[in-house]
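Step one of this worksheet: look at the structure below.
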Amino acid sequence: MATTGLEVFDKTLHTTNQWLDEICAEIGPDKHLAWHVLGAVLRSIRDELLIGQSAHLAAQLPLLVRGAYFDQYRPAAQPVAERSQEDFIARIRQELAGSRPVRPDLAATAVMRTLNRHITEGQIKKARDALPKGIRALWPEPDQAVRSETAAPHAEEPAPDPPAASQKHPVEGSRGTADECELEHTGAAAGSSAIAQSAPGAPACSARPADTATAKAVERTIGNGRDSGRGGTKTRRKRGGEQP
């Protein structure tokens, strides 16, 4: 950034160069032409506004650009009598007569986009709405999408609903399956009746060797008890039959 020893001058030079770079991006890399385009379009806008409207717009311009804005200003003659788009473009073409050829309508739009990026939205709306309809058509509206994107990206997308409990399918080896298996193994260790009453078609769990052995031992114990019980009954019947 160029330095002049005065901060106010350094700041306005830096800001003005930034504006010119943005205009060059649309009309070509020629800062001399960009400076002439900036002044010609601003003065043409100024001549369409009332005195108070011109003053409010000028208050937000860089100091150096403000000087070009008020160059040859005649407040008593504003706004001009001719207020059509053709007359507006003709005034810009006349001011750019000694410069490299450039389409005046594209030049006007380039400057207006630059104003959109650096002037407050409220002031842009006031100046734009004060222009005749034909001239206002050249001035793009401030890009609301860019302004809101940084604040809340994808806010319009609703959060997905959580899946219902019946729709949850635990993955093989997941914690849910392990807990179910642990409960079944614990029941097997307490008694085989829990195993016998389990619902048919229920998913099989991978039992651990120690738990499986315990369950089989319990089953054998209960089975032996049943056999011994049946045997005792037969003995009692037999003995009862031998009695006279």
- Query: So if you build clusters from Ile, Leu, Val, Met, Phe, Trp, Tyr with side-chain heavy-atom gaps below 4.5 Å, do Y73 and L42 land together?
  - Reply: yes

- Look at the side-chain heavy atoms of Ile, Leu, Val, Met, Phe, Trp and Tyr, link any pair under 4.5 Å apart, and say whether L50 and L131 land in one connected group. no

Within the distance-only criterion (no hydrogens, no angle test), does the side chain of [X] pair as donor or acceptor with the backbone N or O of [Y] below 3.5 angstrom?
X	Y	value
T109	L138	yes
D47	Q78	no
R83	E48	yes

Side-chain heavy atoms of [X] within contact of [Y], under 4.5 Å:
X	Y	value
R117	T114	yes
Q123	T120	yes
Q85	I89	yes

- Query: Crowded around Q18 CD? As in, over 12 foreign heavy atoms under 6.0 Å?
  - Reply: yes

- Message: I'd like to know whether CZ of F9 has more than 12 heavy-atom contacts from other residues, nucleotides or ligands below 6.0 angstrom.
- Response: no

- Query: Does a side-chain N-to-carboxylate-O contact under 4.0 Å join D21 and K31?
  - Reply: yes

- Hey, mind stepping through I135 and W139 against side chain to side chain contact (heavy atoms under 4.5 Å, CB included) and telling me if it holds? CA-CA 7 Å; I135 302 174; W139 196 325; over 6 Å; no

Work out which heavy atom in [X] is nearest to a heavy atom in [Y]; give both atom names and the distance.
X	Y	result
D30	R100	OD2-NE, 3.7 Å
L63	T12	N-OG1, 3.2 Å
L49	A127	CD2-O, 3.9 Å
N116	P140	ND2-O, 2.9 Å
V41	A107	CG2-O, 3.9 Å
I92	S44	CG1-OG, 3.4 Å

- Task: Start with the C-alpha gap between L61 and L115, add the side-chain angles, then the distance that decides, and say whether side chain to side chain contact (heavy atoms under 4.5 Å, CB included) holds.
- Result: CA-CA 9 Å; L61 299 176; L115 293 175; 4.1 Å; yes

- Residues at least two apart in sequence or cross-chain that pass side-chain contact (heavy atoms from CB on, under 4.5 Å) with D71, listed by chain then number, are R43

- Could you walk me through whether M112 and I45 pass side chain to side chain contact (heavy atoms under 4.5 Å, CB included), step by step? CA-CA 10 Å; M112 291 167 176; I45 294 174; 4.1 Å; yes

- side chain to side chain contact (heavy atoms under 4.5 Å, CB included) evaluation trace for E95 with R91: CA-CA 6 Å; E95 286 211 40; R91 289 198 301 273; 6.0 Å; no

- Item | salt bridge (Lys or Arg N to Asp or Glu O under 4.0 Å) involving D87 - partner list, sequence neighbours excluded | none

- Task: Would you please test E22 and H118 for side-chain hydrogen bond (donor to acceptor under 3.5 Å, both in side chains) and show each step?
- Result: CA-CA 11 Å; E22 293 178 9; H118 297 282; 2.9 Å; yes

How many angstroms lie between [atom1] in [X] and [atom2] in [Y], if you round to the nearest 0.5 Å?
X	Y	atom1	atom2	value
R66	T16	CZ	OG1	10.5 Å
L33	L96	CG	CG	7.0 Å
S54	R46	OG	CZ	7.5 Å
I119	K126	CD1	NZ	13.0 Å

- Message: Using the side-chain contact (heavy atoms from CB on, under 4.5 Å) definition, which of the options L13, N17, T15 pairs with L64?
- Response: L13

